[in-house]
Amino acid sequence: KSPNFENCQIWLCPKGNILNCSESFSSWVGRSTQELLMQSFRTLMTSFNRSWGVLLKKGFQRENFECFLPFNDNDSS
């Protein structure tokens with residue numbers, strides 16, 4: 001299921017953990033906002049698609065960051 005990118009927002013702390021997220025994001029990942037709080041965003045996203053780890057380099061949240069995470073049916077995660 002593809003998220004509504006216009007309303008899919010995630011707030012991260014300097015360590016990359018989720019401080020808050022939009023209803024659209026929590027719905028897309030299939031977890032409540034409460035369940036997502038303080039989880040590592042990078043770990044969560046790479047659990048869906050390991051190849052996103054290349055795009056979400058460690059420490060990405062400390063920089064001005066914008067990235068498209070492509071869906072890939074060939075991912076073996």
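Quick caveat: nothing in here was measured; it's all calculated off a predicted structure.
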Colleague: Would a distance-only check, ignoring hydrogens and angles, find a side-chain to backbone donor-acceptor pair under 3.5 Å from Ser27 to Glu23?
Modeller: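 Not at all, since once roles are kept as given, no pair shorter than 3.5 Å links the two residues.
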Colleague: Stepwise, does the ring-ring contact (aromatic ring centres under 6.0 Å, His included) test hold for Trp11 with Phe25?
Modeller: CA-CA 11 Å; Trp11 295 262; Phe25 180 76; 9.9 Å; no
Colleague: Closest approach of Leu37 and Leu19, non-hydrogen atoms and distance?
Modeller: CD2-O, 3.0 Å
Colleague: Would you say the side-chain atoms of Arg42 pair up with the backbone N or O of Gly53, donor to acceptor, closer than 3.5 Å?
Modeller: yes
Colleague: Check whether Ser32 reaches the backbone of Glu35 with its side chain - one donor and one acceptor, N or O, closer than 3.5 Å.
Modeller: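 Indeed, once roles are kept as given, a pair shorter than 3.5 Å links the two residues.
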Colleague: Hey, are the side chains of Phe48 and Val29 touching, using non-hydrogen atoms and a 4.5 Å cut-off?
Modeller: yes
Colleague: Which pair of heavy atoms, one from Leu12 and one from Gly16, lies closest together, and at what distance?
Modeller: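 Between these two residues, the closest heavy atoms are CD2-O, 3.9 Å.
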Colleague: Answer yes or no: is there a donor N or O on one side and an acceptor on the other, between the side chain of Arg31 and the main chain of Leu36, under 3.5 Å?
Modeller: no
Colleague: What's the shortest heavy-atom distance between Thr46 and Trp52, and which atoms?
Modeller: CG2-C, 4.0 Å
Colleague: Any donor and acceptor pair, going by atom type alone, linking the side chain of Ser22 with main-chain N or O of Gln9 inside 3.5 Å?
Modeller: yes
Colleague: Among residues at least two apart in sequence or on other chains, which ones pass side chain to side chain donor-acceptor pair (under 3.5 Å) with Arg62?
Modeller: none
Colleague: Nearest 0.5 angstrom please: Leu69 CG to Leu55 CG, how far?
Modeller: 6.0 Å
Colleague: How close do Met38 and Asn17 get, counting heavy atoms only, and between which atoms?
Modeller: O-CG, 3.6 Å
